[in-house]
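Okay, so here's the structure we're looking at.
Keep in mind that the numbers below use all heavy atoms, side chains included, and drop hydrogens, waters and symmetry copies.
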Amino acid sequence: MRFVVGIAVLAFVCVASAQEEVTMRYVNGAPVKGSLVSAKPDGLLVSVEGANKLLPWSALSAGTRFRYDAAFRDNLATAQRGMPPADWTNSLEGAGTDLLMSFRAFPSTAERQRGRLPGFRVSDGANAVSWGFRYGPKDSDVAFAVLEAAGSEELPSSLLLWANASVNPETLTGSRRASGSDATMNFQSQRFTSVREGVDVQSDLAFAVGSRDPGQLIAILDVELKKGGAASAFTLYGVPPGLLIGDGAIAPQDMLVTPSMKWTVSRGVLSGDVRMNRMQLLPRAGMSKTASVSISDEEGRVVAEEASAFREGRQDGAPALSLSLKALPSGQRYTLRARVDLGPFLGVLQHEETFVAP
């Protein structure tokens, strides 16, 4: 069974990342000038020419309110009937919005030429894989890794890591693990700490290389977020964005951005993931371990509903969520709605899209 995907709406119960460059609009459709500072209970706080200005929700378009106003989003049907906010009684199950992170972009930092990293030396520079990690707001909050290719059938056994880009690198020795005909070389994790939007961020970064693609670098980032008595933890897994093969400039990547969901279908199974900067997000603590998934027909009747548990166990990039679609009749249009509580700092993530089953 395949799907023709229709209009998709991504709703995040958190302030949008500045990296997405989403246009805020007034109720008449005109764009809002200035940059977003934060979402407040009474509206959006916007910086215009260095001065902060509060724009009330009533002055903003429905699309802008849906994105930034949790009360509007959770009471959309009621609001569309013209009912006053006093009748908007639905509320989020997550923590208060005062802990939600906006994931504003870090100040820009210069790219680093690979060959100018102190102590850089590899025997096969043309095939070496390099990556930069931006873990904090300071120019010095960057780390670099270089993996030298070991040949088409061999796994590289060492990796150069610059935890401090101003000193010589540490050479990490890999640990080989085999499972049947497959093998993986794992490199020990390194810890990085920073403070972001008042939240303590601890990032344990590790790397791995698999025998199926020994030239592909996989990152495993264990993240812990803490503020006051609130805490949550998750893992980002996958091929990180911004990899450099051969010589050139390395652009350090900020991995903590606004999360999203991605769903696909194959052989009667709907498979999904929560993603953060293209990496698979797997909840560990302080987050829901299940996603609420429902499918409705054109009449609005729910034809499938399930609490889909995140797949646990070996990390291999396979989809973390799944829902069987074998009972669905073909040739009809359906609406998928998914929702997962990602804890006090990431908030509640919602996804909606339509599809036609042939």
Side-chain angles (χ1 to χ4, degrees), residues 10-22 35-39 67-68 94-95 97-109 131-145 163 165 189-207 217-228 230-243 250-262 273-288 310 315 320 340-349 351:
L10 294 180
F12 309 108
V13 185
C14 53
V15 180
S17 169
Q19 295 172 326
E20 294 183 330
E21 299 181 356
V22 176
S35 58
L36 176 66
V37 176
S38 63
R67 185 174 185 85
Y68 297 107
T97 57
D98 58 319
L99 292 176
L100 291 177
M101 301 178 70
S102 67
F103 298 108
R104 292 186 294 272
F106 288 136
S108 60
T109 185
W131 187 64
F133 174 42
R134 180 75 182 273
Y135 61 89
K138 303 176 184 178
D139 287 342
S140 59
D141 291 341
V142 293
F144 297 93
S189 65
Q190 301 290 313
R191 177 163 295 177
F192 302 91
T193 60
S194 65
V195 178
R196 185 168 189 166
E197 301 176 40
V199 178
D200 293 325
V201 182
Q202 176 180 294
S203 302
D204 291 340
L205 175 63
F207 295 99
L217 184 66
I218 297 173
I220 305 99
L221 187 64
D222 289 332
V223 180
E224 292 186 10
L225 305 174
K226 294 182 179 180
K227 183 177 182 180
S232 64
F234 57 92
T235 296
L236 298 182
Y237 176 90
V239 178
L243 287 177
I250 308 172
Q253 302 292 311
D254 176 12
M255 301 308 297
L256 297 187
V257 302
T258 303
S260 63
M261 278 192 192
K262 180 180 179 181
D273 275 314
V274 175
R275 296 276 174 172
M276 180 174 277
N277 205 351
R278 293 190 288 176
M279 301 270 283
Q280 187 180 49
L281 187 154
L282 302 169
R284 290 192 294 123
M287 297 180 171
S288 175
F310 280 84
Q315 296 172 340
V340 59
D341 187 347
L342 295 178
F345 304 106
L346 305 188
V348 177
L349 173 62
H351 177 89

N-O pairing of Asp141 and Arg196 below 4.0 Å: no

Pairwise distance CG(Leu349) to OG(Ser288) - rounded to 0.5 angstrom: 11.5 Å

Distance, nearest 0.5 Å, that separates NZ of Lys262 from CD of Gln280: 11.0 Å

Nearest heavy-atom neighbours spanning Ala165 and Val142: CB-CG2, 4.4 Å

Residue list, side chain to side chain contact (heavy atoms under 4.5 Å, CB included) with Arg191, at least two apart or on another chain: Thr193, Gln202, Asp204

Polar side-chain atom of Arg275 near backbone of Asn277 as donor-acceptor pair, under 3.5 Å: no

Sidechain-backbone polar pair: Trp131 side chain, Pro241 backbone, donor-acceptor under 3.5 Å: yes

For Ser108 against Asp139, the heavy-atom pair lying closest together: O-OD1, 4.2 Å

Closest non-hydrogen atom pair, Pro259 against Phe103: CD-CE1, 4.5 Å

Stepwise side-chain contact (heavy atoms from CB on, under 4.5 Å) check, Phe106 with Leu256: CA-CA 10 Å; Phe106 288 136; Leu256 297 187; over 6 Å; no

Side chain to side chain contact (heavy atoms under 4.5 Å, CB included) involving Ala231 - partner list, sequence neighbours excluded: Lys226

Main-chain N/O of Ala320 paired with Asp273 side-chain donor or acceptor, under 3.5 Å: yes

With Phe192 via ring pair (Phe, Tyr, Trp, His ring centres under 6.0 Å) - residues at least two apart: Phe133, Tyr135

Phe207 side, atom CZ; Ile220 side, atom CD1 - distance, nearest 0.5 Å: 8.5 Å

Working for side-chain contact (heavy atoms from CB on, under 4.5 Å), residues Thr235 and Leu221: CA-CA 6 Å; Thr235 296; Leu221 187 64; over 6 Å; no

Test item: Leu217 and Val239 side chains (from C-beta on) under 4.5 Å apart, heavy atoms: no

Point-to-point distance, once rounded to the nearest 0.5 Å, from CG of Leu236 to CZ of Arg278: 13.0 Å

Verdict with reasoning, Val274 to Phe310, per side-chain contact (heavy atoms from CB on, under 4.5 Å): CA-CA 10 Å; Val274 175; Phe310 280 84; 3.9 Å; yes

Nearest atoms (heavy-atom pairs only) where Pro107 meets Pro137: CD-O, 4.0 Å

Nearest non-hydrogen partners of Pro283 and Phe234, listed with the distance: CA-CB, 4.2 Å

Spacing of Met101 atom CE and Thr258 atom OG1 [to the nearest 0.5 Å]: 10.5 Å

Heavy-atom pair of closest approach, residues Met276 and Met255: CG-O, 3.2 Å

Short side-chain donor-acceptor distance under 3.5 Å, Arg104 and Ser102: yes

Donor-acceptor contact present, side-chain Gln253 to main-chain Ala251, <3.5 Å: yes

Check against side-chain contact (heavy atoms from CB on, under 4.5 Å), Leu346 and Met287: CA-CA 9 Å; Leu346 305 188; Met287 297 180 171; 3.5 Å; yes

